[in-house]
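The block underneath contains the structure these notes are about, expressed in C-alpha cells.
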Amino acid sequence: MKKLALILALALALSLVCVHAEEAAAPALLAYFTFDDAENLGADASGNGNDLVKAINPDGIQAVEGVKGGAAYFGGTSGLLAKDDANNDFMDTYEGKAFTVSFWAKVDIENARTGNSRAVDHGINGSDFGFTVLVNKNVAEDGTVTLFSISKVGGSDWWSSASNVSGDPAEWHQYTMVYDPEANLVVTFVDGERIKEVYADEDERIACDFTFCVGGDWAQWDWFNGGNHEVTAEGFIGAIDEVKIFAGAVYDFDIING
C-alpha cells in the first residue's frame with residue numbers, strides 16, 4: 001500500500017513538473033522578419049516558412065541599415081505580403097487567440113505625411129476585421145513634430161489606443177502590440193514601456209479576407225469595386241526592422257528581443 005502511495009505521489013509530482021514546464025515555456029514565434037538579406041527581404045527567419053512572398057510597388061522598397069543588421073525602407077505605397085492565391089496567411093487561424101506583434105521603425109520625418117501610416121497590418125481600411133499597428137507623424141501648430149502609435153485588433157477602440165512616442169521622432173523606436181483575449185485587452189508598448197490599453201472582446205475577428213502586410217494596408221476602400229491592387233493604402237514612409245509575431249500574449253521583452 002505504501003509502495004502504491006509512493007508511486008502515485010511520484011506520478012503526481014511528475015505531472016505537476018510537466019504542467020509547470022509547459023506553462024513556463026516561451027510563447028511560439030510564428031514569424032520573424034529580419035530584412036537582413038537584401039536579395040530576399042521577405043524571408044522568415046523563424047523557420048516556419050511564413051515568408052513575405054509578394055512585393056507591392058517593389059520600386060518603393062529598399063534594403064537599408066537597420067537597428068540590427070539590415071532593414072527594409074518603404075516609400076508610402078509599397079508593401080511586402082504573406083499570402084497564397086486565396087489571400088490566406090499565417091494569421092488567419094487566430095480567432096479569439098492571443099498574439100503579439102513587435103517591430104522597430106524609423107520614420108522618414110522629412111518625407112512622411114501626417115495622418116494614418118500603417119507599419120504592420122492585417123486587414124482592410126475601414127473594417128473591424130484583422131489588426132493594424134500605425135506609427136503616425138503629427139505636426140503641431142508651432143511646427144513641432146511628434147509621433148504617436150495606434151494598435152487595433154478587430155473592433156477594439158481605434159482612437160482611444162493612440163499613444164504618444166517619447167524621444168527623437170527621427171530615431172528608431174520599438175512598437176509592440178499585445179492582444180490578450182483572456183484579459184480582454186489590446187496593450188500598446190513603445191520602447192518597452194506599457195503606455196496604453198483598450199478593451200477588446202475575446203471573440204475579435206482576426207482572420208481577414210485580405211493579407212498580412214508590412215509597409216501599409218494592402219486593401220483599399222474600393223478594393224471590391226476594382227480598387228488599385230498595386231499600391232498600399234495609408235502606407236508607411238521609413239524603415240522597418242525586426243518584425244516578430246508570437247502566438248500568445250507576451251509581456252516579457254527578454255523574450256520579445258531574445
Side-chain angles (χ1 to χ4, degrees), residues 27 29-35 52 64-74 76 79-80 82 91 98-109 112-123 130-138 145-154 156-180 185-198 200 206 212-217 232 234-246 248-258:
L29 182 62
L30 297 177
Y32 177 23
F33 307 110
T34 66
F35 309 108
L52 303 173
V64 296
E65 184 178 353
V67 69
K68 179 181 177 183
Y73 178 93
F74 297 90
L80 291 170
M91 290 303 308
F99 66 92
T100 300
V101 178
S102 186
F103 61 92
W104 289 79
K106 186 176 185 180
V107 176
D108 182 346
I109 292 297
R113 61 180 176 274
T114 57
N116 288 348
S117 180
R118 299 180 183 227
V120 178
D121 188 84
H122 180 262
F131 66 85
T132 189
V133 185
L134 301 91
V135 181
N136 293 356
K137 172 184 171 182
N138 183 53
V145 176
T146 57
L147 300 178
F148 62 95
S149 176
I150 296 174
S151 300
K152 181 180 186 294
V153 172
S156 63
D157 195 352
W158 181 258
W159 292 108
S160 290
S161 64
S163 310
N164 289 326
V165 177
S166 300
D168 187 343
E171 292 301 319
W172 286 100
H173 296 281
Q174 185 179 22
Y175 302 88
T176 303
M177 177 187 73
V178 178
Y179 171 50
D180 190 343
L185 291 176
V186 174
V187 184
T188 300
F189 293 82
V190 177
D191 295 327
E193 180 183 355
R194 183 172 181 152
I195 58 176
K196 203 77 173 187
E197 58 184 47
V198 294
I206 306 306
F212 180 88
C213 179
V214 177
D217 174 8
T232 57
E234 299 184 339
F236 182 80
I237 300 177
I240 297 175
D241 197 9
E242 296 292 299
V243 178
K244 293 183 178 181
I245 300 91
F246 293 89
V250 186
Y251 296 99
D252 185 343
F253 276 76
D254 287 338
I255 294 174
I256 291 172
N257 293 323

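We count residues from 1, following the sequence as given.
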Handout entry: OG-CG distance between S163 and L134, expressed to the nearest 0.5 angstrom
Key = 11.5 Å
Problem - Non-hydrogen side-chain atoms of L80 and F33 separated by less than 4.5 Å - result: no
Practice task
Determine, stepwise, if the pair F212 / L52 fulfils side-chain contact (heavy atoms from CB on, under 4.5 Å).
Solution key: CA-CA 9 Å; F212 180 88; L52 303 173; 3.9 Å; yes
Handout entry: Close side-chain approach of I245 to V243, heavy-atom, < 4.5 Å
Key = yes
Problem - Ring geometry between F131 and H122 (parallel below 30°, tilted from 30 to 60°, perpendicular above 60°) - result: parallel
Exercise for the section: Could you tell me whether a side-chain N or O of K152 sits under 3.5 Å from a main-chain N or O of G154, the two making a donor and an acceptor? Expected result: yes
Handout entry: salt bridge (charged side-chain N to carboxylate O under 4.0 Å, His left out) contacts in which one or both residues fall within residues 114-123, not counting sequence neighbours
Key = R118-D121, R118-D217, R118-E234
Problem - Contact summary for Y179 and A249, nearest pair of heavy atoms - result: O-CB, 4.1 Å
Completion exercise
On a heavy-atom basis, the closest approach of F246 and I255 is CZ-O, 3.9 Å
Exercise for the section: List the steps, then state whether side-chain contact (heavy atoms from CB on, under 4.5 Å) holds for T188 with E197. Expected result: CA-CA 6 Å; T188 300; E197 58 184 47; over 6 Å; no
Practice task
Rounded to the nearest 0.5 Å, what's the gap from NZ on K68 to CG on D241? Could you check?
Solution key: 9.0 Å
Practice task
Return the minimal non-hydrogen interatomic distance between D168 and H173, and the atom names on each side.
Solution key: O-NE2, 2.7 Å
Handout entry: Pairwise side-chain contact, I240 with K106, heavy-atom cut-off 4.5 Å (strictly under)
Key = no
Practice task
Would you check if P169 and I109 make a side-chain contact, meaning some heavy-atom pair closer than 4.5 Å?
Solution key: yes
Fill in the blank from the handout: Output for pair (D157 CG, S151 OG), nearest 0.5 Å, gives 12.5 Å
Exercise for the section: Using a 4.5 Å cut-off on heavy atoms from C-beta on, say whether the side chain of V107 contacts that of I237. Expected result: no
Exercise for the section: Please examine the side chains of L29 and K244, heavy atoms only from C-beta on, and report whether any two atoms are closer than 4.5 Å. Expected result: yes
Exercise for the section: Verify, without hydrogens or angle tests, whether R113 (side chain) and K137 (backbone) share a donor-acceptor contact under 3.5 angstrom. Expected result: no
Exercise for the section: Return the minimal non-hydrogen interatomic distance between T232 and G215, and the atom names on each side. Expected result: OG1-O, 4.2 Å
Practice task
Report the residues that fulfil side-chain contact (heavy atoms from CB on, under 4.5 Å) with T34, sequence neighbours left out, ordered by chain and then residue number.
Solution key: Y32, D36, A45, E242
Exercise for the section: Any chance you could lay out the side-chain contact (heavy atoms from CB on, under 4.5 Å) test for Y251 and T100, step after step, and finish with the verdict? Expected result: CA-CA 9 Å; Y251 296 99; T100 300; over 6 Å; no
Handout entry: Side-chain heavy atoms of T132 within contact of W158, under 4.5 Å
Key = yes
Handout entry: From R194 atom CZ to T176 atom OG1, the distance as rounded to the nearest 0.5 Å
Key = 12.0 Å
Practice task
Could you tell me which non-hydrogen atom of G66 sits nearest to which non-hydrogen atom of A71, and how far apart they are?
Solution key: CA-CB, 3.4 Å
Exercise for the section: Just jot down the side-chain hydrogen bond (donor to acceptor under 3.5 Å, both in side chains) partners of S166, sequence neighbours excluded, or say none. Expected result: none
Fill in the blank from the handout: Distance col, row N136:CG vs L147:CG, nearest 0.5 angstrom, shows 8.5 Å
Problem - Validation row: M177, V187 side chains within 4.5 angstrom (heavy atoms) - result: no
Completion exercise
When rounded to the nearest 0.5 Å, the distance separating CG of N257 from OG of S102 is 6.0 Å
Completion exercise
For V214 and F74 the tightest heavy-atom approach is O-CE2, 3.3 Å
Practice task
Examine Y175 together with F103 and report whether their ring centres are nearer than 6.0 Å.
Solution key: yes
